[in-house]
Amino acid sequence: MKLLTKTTLYFITVSLFVFFIGGIGIYQLIKKLENDKVNQELIGQMYKLSHDLSRTKSDLQKIAIISSGLISITHVHTVIQPFVQFKDTLMFDKVQNQYVSYRGLTFYADNNKLLYKIDIYKSLTESNYLIEQIAMMVTIMVLFFLLTVYFLYRYFFRQIWSDFFITIDKINRFDISSPEKLDFPESMIIEFHQLNKGLKLMTERIINDFQGLKEFVGNLSHEIQTPLAIIKSKTELLLQKEDLSEHKLQLTGEIHSETLRLSKLIKALTLLTKIDNKQFIHEENINLKDLIIFHIKGFEDIIEIKEIKIRTEILSEPVIKMDTELANILIVNLIKNAIGHNIKKGEIDIELSKESLIIKNSGQALNISPEKLFNRFSKANLKSESLGIGLSIVKKICDSYDIDIKYFYDDGFHELILIF
Amino acid sequence: MKLLIIEDEISLANSIISFLKMDGHICEQATNYKTALEKINLYQYDCALVDINLPDGSGLDIIRQLKVANKPTGIIIISARDTVDDRIKGLEIGADDYLVKPFDLAELNARIKSLNRRINFSGSNMIEAGKISIYPDELQVKIEGDVLDLTKKEYDLLLFFVSNTNRVVTKETIAEHLWGDYIDMADSYDFVYAHIKNLRKKLQEKGIENYIHTIYGLGYKFQVL
C-alpha cells in the first residue's frame, strides 16, 4: 500500500470517528438546551396560571383563553403525586394533518375553593426544526471540511515528501557497476536531509567496496598466476635434467600437474567472481546453433576416443543476447560435462529448440543430491582431478541471463534443460 | 635465433632462458621498460617475449615502438591477464601471439618456433627430425619422401614433439596444447595416450621406432637417435 493511501485511510477513519462522536455530542447538547428552554417556558406559564387562578373567582375558561398554547383544566379532589410532572406526547394536528410532538407539564392549582389539575402543552415542532437545521449545517460543514483537508493533505503530502520520492527513485535506479556516484538533491526537511546523507555515504562505500573487490579479483589472479608460472617453469626445467632418477621425475611431474590444477582453479573462481560482478558486458546476438556446432567440432576427437555417439537435433535457431565469451564458456562447459560424466560407448543427445536447450547424456546416477549439483566443488564422481566447478559456472551464467536450468536423471540418462 | 625476454620476474625470465637455450638460441633479458626500449632500439631480434605489466611502463608501448620502427621481430605477449579484451588489444597493436601465465615452457617453445617459421621463411618451409620431414605450409609429413597420413591432431602432436625435441613434456602439457579448454584434466591421460598410440603405430608402419619415449606416469620425450 502506498504511503499516501495508507495515511489517507487513517486520516479518514479517525476523522469519521471523531466527527461521528462529536456529532452525537452536539446533537445531544442542543437537544438538551432546547428541552431546557421549553421546560423553562412551561414552568413560567405554570406560575402565571397558578397566579392568575388564585386571583380568579370563577371563570376558568377565560384563563384558558388568555393563556397561550394548549391547555386542559380538570377539577380534581386530591393531588396525585408528583405535584409537578413533565411529559412528552404526540398529538394530532389538524392543520398539518399529522401527529406532532409536544412537551407537556402537569401541575395542580387551586383558587381557594376548588383544586384543579392543569395540563399545559407546548409544540416541539419549532425546536425540532431548529435541531434539524443545525444538524444539517454541521454535517455540511464537516463534509466540506473533510474534503478540503483531504485535498490539501494530498497536495501538501506531495510537496513535503517529494524529496523522499526522488530519493527512492534514485535508489531504485542505483547500478552498482556504474562508477557514477549517487547524487541526492538537498532537502529542507531535516529527516530527509539526514536520510540522503546516510544513503550517499552508504552507496559511496558500496561502490568503493565493489570497485575494490573488482580490482582485488583482477590483481589476485595476476598476483597468483605469476608465482605459479615460476613454479611451473622451474619444475619443467627440472624435468629436463638427465640425471634425475625416475622417482624424482615422478615427484616433479606431480608438482607440475598440481600447479596446472591450481592455476585452472583460480581461473575458474576468478571467472565466477567476474560473472557475479557483472564484468562481462560485451553483449551480442548469439546464434546458439552455430556455437554448439562449432564447439562440438572442437570436442570431435575426444568424443571419438571415448566412442560416444552424439546426436544433435536442431529444431530452431534461437538467437539470444549474451556476452560472447560467456556464451562460449557456457556451451563448452555443458558439452564438456556431458562428455566427462559419460560412460564409454555412451550417448549424448543435444536438442535445440526455440525456447530450450536440452543436453542428455548416458551416465551413472549421481552420488550427491541433485540440489548440490550446481554447488562449487561438488563432485558427482570420484574423479579427484576434476575441478567440480564446471556446472556451477554454467549455473552462474544461466542465472545472470535469467536462463532457467533444471536437472533430471532418468533411466541412466542425465538431462540438463536450459529454458531461455 | 636471437630472442629478447622482457619480463620483470627475473626468476621466470631465467627459467625461460634456460629452457630456450637448450636449442642454442641467443637470449637476452630486460627486466624493465627502460632497458627493453634501449635494447630494441639498439639490436635486432628475431623474437621478443613481452610481459604487459612492467614496473615502469606497459609492454604494449614496447610493442608499439617495435611496430613504429618496422622491425621484423616476432612478438609474443606473456601475461597473466587472460580476458578476451586483453588478448584482442594485444593482437590489435601488432603482437603475433598471446600466451597466458602460467604457461608451459614447452608450449612457449613451440609457439616461438612456429612464429619464427611464419616470419623468417618464405617459400619452401621444412622441419627435419631424423627421417621425418614436416612441411608446415601444407600440413604434410613425409618419411624419407613417403607421405605419412596423419589426422589434424596427430599432426599437431608430432609438430609439438619435434619442436620440443630432446625435452620431457608432460601429458598435461600435451593435452593443453592439443585441446586447451576443451579438456578436463581428469581425462587428459587417456586422450593423449590414444593419440600417441596412433601416431606411434603410423610411424612404426613407416619404419620409425623409438622416436617417442614414454616416461612412465609423467609424459613423453621425443628423441631422434
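Letters go in sequence order (proteins before strands), and every chain restarts at 1.
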J.: Distance check, rounded to the nearest 0.5 Å: B:Y216 atom OH versus A:L249 atom CG?
T.: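 Here the interatomic distance stands at 14.0 Å.
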J.: For B:V168, run the side-chain contact (heavy atoms from CB on, under 4.5 Å) check against A:L244, A:L239, A:T252 and tell me which one passes.
T.: A:L239
J.: Go through it in stages, so that I can follow the logic: the residues are A:T226 and B:E9, the test is side-chain hydrogen bond (donor to acceptor under 3.5 Å, both in side chains), and I'd like the CA-CA distance, side-chain angles, deciding distance and then a yes or no.
T.: CA-CA 8 Å; A:T226 304; B:E9 292 286 339; 5.4 Å; no
J.: Give the interface residues of residues 19-26 of chain B toward chain A, defined by a heavy-atom separation under 4.5 Å.
T.: B:F19, B:M22
J.: So does B:D149 have more than 12 non-hydrogen atoms from other groups sitting under 6.0 Å from CG?
T.: no
J.: For each of A:S233, A:G253, A:S263, tally heavy-atom pairs with chain B at distances under 4.5 Å, and name the one with the top tally.
T.: A:S233
J.: Any non-hydrogen side-chain atom of B:L105 less than 4.5 Å from a side-chain atom of A:L237?
T.: yes
J.: Among B:I16, B:I215, B:L178, B:N53, who wins on heavy-atom pairs under 4.5 Å with chain A?
T.: B:N53
J.: Any chance you could measure B:H195, atom NE2, to A:I302, atom CD1, to the nearest 0.5 Å?
T.: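 Answer rounded to 0.5 Å: 7.5 Å.
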J.: For A:K234 and B:S11, run side-chain contact (heavy atoms from CB on, under 4.5 Å): C-alpha distance rounded to whole Å, both residues' side-chain angles, the deciding distance at 0.1 Å, then the answer.
T.: CA-CA 9 Å; A:K234 299 292 173 197; B:S11 191; 3.2 Å; yes
J.: Name the region of B:A106, side chain, backbone, both or neither, that has any atom closer than 4.5 Å to a heavy atom of chain A.
T.: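 Both backbone and side chain of B:A106 come within 4.5 Å of chain A.
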J.: Would you check, one step at a time, whether the test side-chain contact (heavy atoms from CB on, under 4.5 Å) holds for A:D301 with B:W179?
T.: CA-CA 10 Å; A:D301 64 317; B:W179 295 288; 2.9 Å; yes
J.: Would you call A:E325-B:R87 a salt bridge at under 4.0 Å N-O?
T.: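 Salt bridge absent between A:E325 and B:R87.
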J.: Pick one of side chain, backbone, both or neither for B:N166, based on which atoms fall under 4.5 Å of a heavy atom in chain A.
T.: backbone
J.: Looking at CD of A:E236 and CG of B:D104, how far apart are the two atoms once the value is rounded to the nearest 0.5 Å?
T.: 4.5 Å
J.: Tell me, for B:L108 versus chain A, whether the close heavy atoms (under 4.5 Å) come from the side chain, the backbone, both or neither.
T.: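 No part of it gets close to chain A.
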J.: Any salt bridge linking B:K221 with A:E242? Criterion: basic side-chain nitrogen under 4.0 Å from a carboxylate oxygen.
T.: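 Looking at B:K221 and A:E242, the cut-off is met.
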J.: Has B:Y182 got more than 12 heavy atoms of other residues, nucleotides or ligands less than 6.0 Å from its OH?
T.: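 Counting neighbours around OH of B:Y182, more than 12 heavy atoms of other residues, nucleotides or ligands fall under 6.0 Å, so yes.
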